[in-house]
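Everything numeric in this text was worked out from a predicted model, so none of it was measured. Order of the sequence lines sets the chain letters (A, B, ...), proteins ahead of strands, with each chain counted from 1.
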2 protein chains.
Amino acid sequence: MSRKNVVFQKLVNTLLEHVKNHCKTGDYLPSDVSLATQFNVSRTTVRKAIEHLESLDLVRKMDAQKTLLAMPEAHHFFDVSQHSKPKEKLVEEHFISLIQSGKLKPGDKFSELELARQSDTSTVAVREFLIRFSRFGLIEKNPRSQWKMKNFDEAFVDQLYEVRHLFEMHSLSNFLQLPEDSDYWQELNALFIEHKQLSLKMDTDYEDFPRLDHKFHGLLQKAHPNQFINEFYDIISFVFHYHYQWDRSTERERNALAVQEHINIIGKMLMKDYHGATLALEKHLNTAKQSLKKTAIL
Amino acid sequence: MSRKNVVFQKLVNTLLEHVKNHCKTGDYLPSDVSLATQFNVSRTTVRKAIEHLESLDLVRKMDAQKTLLAMPEAHHFFDVSQHSKPKEKLVEEHFISLIQSGKLKPGDKFSELELARQSDTSTVAVREFLIRFSRFGLIEKNPRSQWKMKNFDEAFVDQLYEVRHLFEMHSLSNFLQLPEDSDYWQELNALFIEHKQLSLKMDTDYEDFPRLDHKFHGLLQKAHPNQFINEFYDIISFVFHYHYQWDRSTERERNALAVQEHINIIGKMLMKDYHGATLALEKHLNTAKQSLKKTAIL
DNA sequence: CAACTGTTTTTTATTTATAAAATTCACTCA
DNA sequence: TGAGTGAATTTTATAAATAAAAAACAGTTG
C-alpha cells in the first residue's frame, strides 16, 4: 500500500471553507501560486484540489480563470475525522504513555517492532522518533541490539541540576542587567500579579502552576535568547513532567510551595535585589531537585 | 536484495585468528555461550560460524564437543577487504566532507535522496544520520520539505560561546576544588609538560595541538563528569573542526597562540591561583571566539 | 520581465519483503 | 540446579516499490 493523500484532502476542505466565508458565486479564485503560499502546500497539490472541485462542478476553469460556479455544501467536504494523527505524533504519544504509566521503567529493554505494532505505525517511524528522543539522555541503544531505558539514578539528577543551576543563574543575572525602561520589566510585573492571584486560589487551581512556570522561564529566555539553553530547558521540562506523573499525590503541596518560591524570586527581582533574588532562586532549585530525587529514584 | 552477512564473516575471521594464536590441533573449543560473549555476538552467529568451520574440515563436532582438526590457512579466511564501512559511517563521512569542502554552505538546501546516492547508501540511513546530526543545531527541516543548512551567523557563535563560557568556568572552578592529593593534579602536571614540549617545536608540529586541547578538556571532564556538559563539548568540537577547515592559512599562528594560552591557564591552576586562572581562561575563550567569528562568518 | 500555467522530474513518506542476527524456549545432562 | 545445546521465534537491518507531494522546467501572456 502507499501513503494516503491527507494533504490533498485537507486542502480541499480548507479551500471549501475559505470559499464559503470569503467568496460568492461567480467570483474568480486567486492564482495557483498565491493559493499554494497561502495554505502552505505545493502548487501541485493546489492544482489537484482545483481539479477535484471542477469534477464536483463547483469550479470551472476557462483560460486559466477559475470561476466559482456554486457554493459548497456539507457533502462536498471530505470526511477527515478518521485521518489518524501524523505517525510521528502517534509514536510519541504511545511511548510517553508507556513511560508515564510505569510500563517502561529504568533498566527495561524494548524493541522497535513492538512499539510499532502497539502504536499502529511502522518501525521506521518508531526508530526516527527514538533517535530524536535519545537527546533527552533517557534511552540508549547498541547496534544490532534492542533499546534500553537508561538508569535514572541520583547521578543523573545531580548532573541535570548542575546544568540547570548554571543556566538559570545566568539567565537571572542577565535579566537583572536589562535597562530600566525595558518592556520585559512590565511583563515580569504582570507575571508577579498572576502568581499572586494563583496563590490565593491554590487549593482548587493548583494544576495551573506548570503554565506559569513555563511562562516565567519563557520570559527569561525571551529577554536573552540562547538556542542551546532553550533546548536544554526542553529536557528539564520533559524529565519533570515525566517523573512527576509517578507520584501525583503530593502535587498540590509541591506546586503551592513552588508558587511561593516564584513569588519570592520575582519579588526580589522587581526590587532589583540581586543578592536576594539569587538566594531565592538557589533555594527554589534546591527544593525542586530534592523533590525530584524523592519521587523519581527507585 | 537483503543485508550482507558481515557480522558472520567477520566472526569467522576473528575465530580463525584466535584459534591460530591460542590453540593447537586436537584442542577443544569453548562453549557457544562463552564464545558469543567473548566476541560480542549472538549465539546464533557463533553456531553458524562453527558450522562453517566444520564445512571447511577445520572443526569437528561430537556430542557437543568442538574439536580443532587442523590449523587455519590463509585461504580459509573471508576476504573482508571490500566490506564497505557501516552505512552510518559512510553517510557521515560524505556529509562532513561536503560541509568541509564548502559544497554545502549556510542557507543551502539539500535532499536526502541526493545524499543517499552520493554516499552509496539508502535514504533511511541518510535520514537517520541527519536526525542525529540535527542536534548540532546546524541543519533544520520542515515536514514534506527539504533539509536546509541553518545560517551560521554571529548570534549563533555568541550563543555557543555563552554556554561554553559558563561550562568551562564551571569546570575550572570544580577542578580547583579537588583535594591536594587527587591524582588529577598529577595528570594536569603531565599535561603542562606536554604543552611546554609542544610549544618548543610548534613550527613543525602545530597540527598536534587539537589532541592536547582535547586532552585538556577531557581531563577537566573526567575530574567532574557531567553527561550534558560533555555532550555540549561535542558540539563545540565539531563546530570548530568544521569551520576551521575553511581557513587553514592561519592555523599555525592560531595554534601557537592557543598553546601559550593553555600553558598560561594550566600554570595558574597548578599554582592554585584561582583568580589568575579564571582571567587566563577568560582570555583564551575570547581569543577562540573572535578567531571563530573571523574565519567563519560570511 | 515578472507572474502565471501546463508539464515533467525529483523527492518524500510509507509499505512490503527478506536475510541476518539476536533472543527466547524447551529440553538435556553432569 | 545450572550451564549448555538445538530448534523455533522475534527483531533488526536493508532493499525495493509506489503514490503523494514538492520542485524544476519550459513556455505564455499582459
Side-chain angles (χ1 to χ4, degrees), chain A residues 1-11 29-37 39-51 61-66 84 86-88 90 109-117 120-128 130 141-147, chain B residues 1-11 29-37 39-51 61-66 84 86-88 90 109-117 120-128 130 141-147:
Chain A
M1 216 197 299
S2 91
R3 59 188 299 202
K4 310 275 180 297
N5 53 353
V6 277
V7 178
F8 164 74
Q9 296 196 5
K10 275 190 185 161
L11 177 64
L29 271 59
S31 77
D32 292 359
V33 196
S34 50
L35 287 173
T37 40
F39 298 114
N40 199 31
V41 293
S42 76
R43 200 158 63 83
T44 310
T45 313
V46 171
R47 308 194 102 234
K48 272 194 66 181
I50 298 288
E51 263 173 49
K61 272 174 80 170
M62 288 274 290
D63 276 344
Q65 280 287 23
K66 298 180 277 287
S84 69
K87 304 287 169 189
E88 170 75 15
L90 281 179
K109 287 190 170 183
F110 58 93
S111 86
E112 295 171 3
L113 196 60
E114 196 186 349
L115 286 184
R117 276 195 294 249
D120 193 31
T121 55
S122 72
T123 55
V124 181
V126 168
R127 173 175 265 261
E128 287 177 7
L130 291 174
K141 156 163 176 61
N142 293 344
R144 302 192 318 279
S145 161
Q146 293 183 308
W147 289 85
Chain B
M1 216 196 298
S2 91
R3 60 189 298 205
K4 310 277 180 296
N5 54 352
V6 277
V7 178
F8 164 74
Q9 297 196 5
K10 276 190 185 161
L11 176 64
L29 271 56
S31 77
D32 294 358
V33 197
S34 49
L35 287 173
T37 39
F39 298 114
N40 199 32
V41 292
S42 75
R43 199 157 63 82
T44 310
T45 312
V46 170
R47 308 193 103 234
K48 271 194 65 182
I50 298 287
E51 264 174 48
K61 273 175 78 170
M62 288 273 290
D63 277 343
Q65 280 286 25
K66 298 180 278 287
S84 68
K87 304 286 170 194
E88 171 75 17
L90 281 178
K109 288 189 168 182
F110 57 93
S111 88
E112 296 171 3
L113 195 59
E114 196 185 348
L115 286 183
R117 277 196 292 249
D120 194 29
T121 55
S122 73
T123 55
V124 181
V126 168
R127 173 175 265 263
E128 287 176 6
L130 291 175
K141 155 164 177 63
N142 293 343
R144 302 192 317 281
S145 162
Q146 293 184 306
W147 289 85

K.L.:
Is K10(A) atom NZ crowded by more than 12 heavy atoms from other residues, nucleotides or ligands, each under 6.0 Å away?
P.N.:
no

K.L.:
What's the CD-P distance between E88(A) and dT14(C), to the nearest Å?
P.N.:
10 Å

K.L.:
By side-chain contact (heavy atoms from CB on, under 4.5 Å), which residues pair with S111(B), not counting sequence neighbours?
P.N.:
L113(B), E114(B), Q146(B)

K.L.:
Rounding to an integer number of Å, can you tell me how far W147(B) CH2 sits from dA22(D) P?
P.N.:
17 Å

K.L.:
Less than 4.0 angstrom from a charged side-chain N to a carboxylate O is my criterion; do D32(A) and K66(A) meet it?
P.N.:
yes

K.L.:
If I take atom NZ in residue K141(A) and atom P in nucleotide dT12(D), what distance separates them, rounded to the nearest angstrom?
P.N.:
6 Å

K.L.:
For dT10(C) and S111(B) - does any side-chain N or O of the residue sit under 4.0 Å from the phosphate oxygens OP1/OP2?
P.N.:
no

K.L.:
For the residue pair T45(B) and V7(B), what are the closest heavy atoms and their distance?
P.N.:
CG2-CG1, 4.2 Å

K.L.:
Could you tell me if the side chain of I50(A) sits less than 4.5 Å from the side chain of L35(A), heavy atoms only?
P.N.:
yes

K.L.:
Could you give the CD-to-P distance, from E51(B) to dT5(D), as a whole number of Å?
P.N.:
14 Å

K.L.:
More 5' along DNA chain D: R117(A) or S34(B), using each one's nearest nucleotide?
P.N.:
S34(B)

K.L.:
What is the distance, to the nearest angstrom, from the CD atom on Q65(A) to the P atom on dT5(C)?
P.N.:
9 Å

K.L.:
Regarding T37(B) and S34(B), do their side chains bring together a donor and an acceptor under 3.5 Å, going by distance alone?
P.N.:
no

K.L.:
Quickly work out the E128(B) CD to dT14(D) P distance and round it to whole Å.
P.N.:
9 Å

K.L.:
Atom CG of D32(A) and atom P of dA24(D): how far apart are they, to the nearest Å?
P.N.:
17 Å

K.L.:
May I have the distance from N142(B) (atom CG) to dT12(C) (atom P), rounded to whole angstrom?
P.N.:
13 Å

K.L.:
With the side chain counted from C-beta on, respond yes when L130(B) and F110(B) share a heavy-atom pair under 4.5 Å apart, and no when they do not.
P.N.:
yes

K.L.:
Among dG4(D), dT11(D), dA15(D), find the nucleotide with the atom closest to the side chain of L113(A).
P.N.:
dT11(D)

K.L.:
Please tell me which of V33(A) and V124(B) maps to the more 5' nucleotide of DNA chain C, matching each residue to the nucleotide holding its nearest heavy atom.
P.N.:
V33(A)

K.L.:
Summarise protein proximity over nucleotides 20-30 of chain C in one line of letters, 5' to 3': B for base, S for sugar-phosphate only, - for none, counting protein heavy atoms closer than 4.0 Å.
P.N.:
BSBBB------

